[in-house]
Chemist: 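Got a structure for you, written out below as structure tokens; questions coming shortly.
Both ligands and their constituent atoms are indexed starting at 1 by order of listing.
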Amino acid sequence: MKLLITGGAGYIGSVVAAQLVEAGHHVVVLDDLSTGHADAVPAGARFVHASLADAGDTLAEGGFDGVLHFAARSLVGESVERPDLYWAGNLGGTLMLLDAMRVHDVPRIVFSSTAATYGEPERTPIEETDPTRPTNPYGASKLAVDTALSAFSEMYGLAAVSLRYFNVAGAHTGEDGRVYRERHTVETHLIPRVLAVALGEGDSVSVFGDDYPTPDGTCIRDYIHVGDLARAHLLALAACAGNRHTIYNLGNGTGFSVHEVISVCREVTGHPIPAVTRPRRAGDPAVLVASSARIQRDLGWKPERPGLHDIVSDAWRALR
Ligand code: UDP
């Protein structure tokens, strides 16, 4: 297939781009490099430095079979401070992309949605049919896109899959030996921040709140290996057909608290990694754990590296 990957210079997009190139697809990456890196685009993919507003210029070439849409802002805390950026970028940018896809007859889209669409769940693990009540503008903007995709699919015959990522971590090694890892200029995610302390960057890691209604008081998340997550995109793309919009959760079904993550990072790195409790971060739900039963049943997805120790070890190895 000929595919456009928006945000393919970012952490997850670049791993999916690499796997698609390896599988023999014709890959074009579109990225404005606001958070991505041009050198993360895999060899074998063409790179277009442009924003979502200009995606139509690339799609106008014709012949595109689908879009994998990663380009977005993805920080919960930032979204609370700057909701305008999240609504304009995540919803406004996506609507421009969807319009360009209609104009240029691109039949399918695989969209990066998020566990943040659910908000504070009534039960865990979360299933796709559970209520969506996002607790921050990031989750709300992604949910709005999911809602638009359902309508576009029904009215315009767009084939769409939304993949709701839980907490993505780890690093991926391509068939050519190239290592793809998380490298944000401003890092807010837990595992890379903890590993940065082990590398000597900063004296301690902040634990944002220890008074949540969880066994140790810290937030619980479901961590998934970026390589496993990426493989789900290839399955979703193959299954993306007809005027259907399907939503799939992607996680491992096991939750780890912030303290548990830090403890696994201590084991893996052999570093004491001091932790200091700080106030809660705005917008954080207490517990997010996925049921991925639907994608396992429908598409046969199965994680190869579901263990937190493996996920952290891969992230750590990629840093050294
Ligand atoms: N967290 C933390 N210290 C950090 C970074 C994150 O305590 O330096 C917490 C955060 O409040 C949340 C969990 O770790 O409860 C996971 O946060 P992350 O930003 O990695 O992912 P999110 O769940 O927001 O997508």
Side-chain angles (χ1 to χ4, degrees), residues 10-12 35 70 72-83 86 90 112-121 124-126 132 134-143 163-171 181-199 201-226 229 249-252 254-266 269 271 273-290 308 311-312 315-316:
Y11 171 50
I12 300 170
T35 54
F70 299 90
R73 295 178 177 271
S74 62
L75 304 179
V76 167
E78 182 187 60
S79 80
V80 174
E81 310 277 319
R82 291 296 309 270
Y86 280 71
N90 293 5
S112 304
S113 186
T114 168
T117 53
Y118 294 109
E120 199 70 66
T124 53
I126 301 170
T132 41
T135 54
N136 53 63
Y138 166 59
S141 66
K142 289 280 185 173
L143 179 60
L163 297 176
R164 289 195 172 150
Y165 309 161
F166 282 62
N167 287 62
V168 189
R181 65 174 173 84
E182 203 160 359
R183 47 187 177 124
H184 298 116
T185 315
V186 181
E187 189 53 77
T188 65
H189 290 133
L190 180 62
I191 291 176
R193 280 180 69 135
V194 178
L195 294 181
V197 175
L199 276 181
E201 297 162 22
D203 301 334
S204 64
V205 64
S206 299
V207 174
F208 297 138
D210 65 358
D211 55 351
Y212 284 94
T214 61
D216 69 18
T218 65
C219 288
I220 291 177
R221 294 289 181 273
D222 181 342
Y223 294 86
I224 173 170
H225 195 287
V226 68
L229 181 95
N249 288 342
L250 278 171
N252 283 310
T254 311
F256 294 92
S257 72
V258 173
H259 280 317
E260 286 171 331
V261 170
I262 296 170
S263 146
V264 170
C265 291
R266 287 181 182 130
T269 63
H271 188 283
I273 312 180
V276 177
T277 303
R278 308 238 183 249
R280 289 183 177 197
R281 193 174 69 176
D284 276 343
V287 181
L288 287 172
V289 177
L308 184 59
I311 294 172
V312 170
W316 179 237

Chemist: Output the distance between atom CH2 (Trp316) and atom CZ (Arg181), rounded to the nearest 0.5 Å.
Modeler: 11.5 Å
Chemist: Any atoms of ligand 1 less than 4.0 Å from a non-hydrogen atom of Arg193? List them with their elements.
Modeler: 4 (C), 8 (O)
Chemist: What protein heavy atom lies closest to atom 17 (O) of ligand 1? Include the residue and the distance to one decimal.
Modeler: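 So the nearest neighbour among protein heavy atoms is Arg281 NH2, 3.5 Å.
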Chemist: Out of all atoms in ligand 1, which are within 4.0 Å of some heavy atom of Asp284? Include the element for each.
Modeler: 10 (C), 11 (O), 12 (C), 15 (O)
Chemist: Sequence neighbours left out, what passes salt bridge (Lys or Arg N to Asp or Glu O under 4.0 Å) with Arg193? Give chain and number order.
Modeler: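 Here no residue qualifies.
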Chemist: Looking only at protein heavy atoms, which one is nearest to atom 15 (O) of ligand 1, and how far off is it?
Modeler: Cys219 CB, 3.0 Å
Chemist: With atoms numbered from 1 as shown, which atoms in ligand 1 lie under 4.0 angstrom from a non-hydrogen atom of Val207?
Modeler: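 Reading through ligand 1 atom by atom, the close ones are 7 (O).
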Chemist: Is the shortest N/O to N/O distance between Leu190 and ligand 1 below 3.5 Å?
Modeler: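 Yes; the residue has a nitrogen or oxygen that sits under 3.5 Å from a nitrogen or oxygen of the ligand.
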Chemist: Rounded to the nearest 0.5 Å, how far does CG of Asn249 lie from OG1 of Thr114?
Modeler: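 If I round to the nearest 0.5 Å, the distance is 10.0 Å.
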Chemist: For a quick test of your reading: what N or O donor-acceptor pairs under 3.5 Å do the side chains of residues 217-225 make, sequence neighbours left out?
Modeler:
unit_1	atom_1	unit_2	atom_2	d
Thr218	OG1	Asp216	OD1	2.7
Thr218	OG1	Val258	N	3.2
Thr218	OG1	His259	N	3.4
Arg221	NH1	Pro285	O	3.0
Arg221	NH2	Pro285	O	2.9
Asp222	OD1	Asn252	N	2.8
Asp222	OD2	Asn252	N	3.2
Asp222	OD2	Gly253	N	2.8
Asp222	OD2	Ala290	N	3.0
His225	ND1	Gly227	N	2.9
His225	NE2	Ala171	O	3.4
His225	NE2	Asp314	OD2	2.7

Chemist: As an exercise, state the distance from OG of Ser263 to CD1 of Ile273, rounded to the nearest 0.5 Å.
Modeler: 9.5 Å
Chemist: Counting heavy atoms only, name the option from Tyr165, Tyr223, Phe208, Tyr138 that's nearest to atom 4 (C) of ligand 1.
Modeler: Phe208
Chemist: Run through Ile126, Leu250, Val289 and flag the one making a side chain to side chain contact (heavy atoms under 4.5 Å, CB included) with Phe166.
Modeler: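 By the side chain to side chain contact (heavy atoms under 4.5 Å, CB included) criterion, Phe166 pairs with just one of Ile126, Leu250, Val289: Ile126.
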Chemist: Using a 4.0 Å heavy-atom threshold (strictly under), name the region of Asn167 that reaches ligand 1: side chain, backbone, both or neither.
Modeler: side chain
Chemist: What atoms of ligand 1 come within less than 4.0 Å of a heavy atom belonging to Ser206?
Modeler: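 The atoms of ligand 1 under 4.0 Å from a heavy atom of Ser206 are 2 (C), 3 (N), 4 (C), 7 (O), 8 (O).
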Chemist: Say whether Tyr138 and Glu78, considering side chains only, have a donor N or O and an acceptor N or O under 3.5 Å apart.
Modeler: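 Not at all, the side chains of Tyr138 and Glu78 share no donor-acceptor pair under 3.5 Å.
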Chemist: What part of Val258, side chain from CB on, backbone N/CA/C/O, both or neither, has a heavy atom under 4.0 Å from ligand 1?
Modeler: side chain
Chemist: Out of curiosity, Tyr165 OH to Leu229 CG, how far, rounded to the nearest 0.5 Å?
Modeler: 5.5 Å
Chemist: Select one of side chain, backbone, both or neither to describe which atoms of Arg221 lie under 4.0 Å from any atom of ligand 1, heavy atoms only.
Modeler: side chain
Chemist: Quick one: which ligand 1 atoms are inside 4.0 Å of a heavy atom on Thr188?
Modeler: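 It comes down to these atoms of ligand 1: 5 (C), 6 (C), 19 (O).
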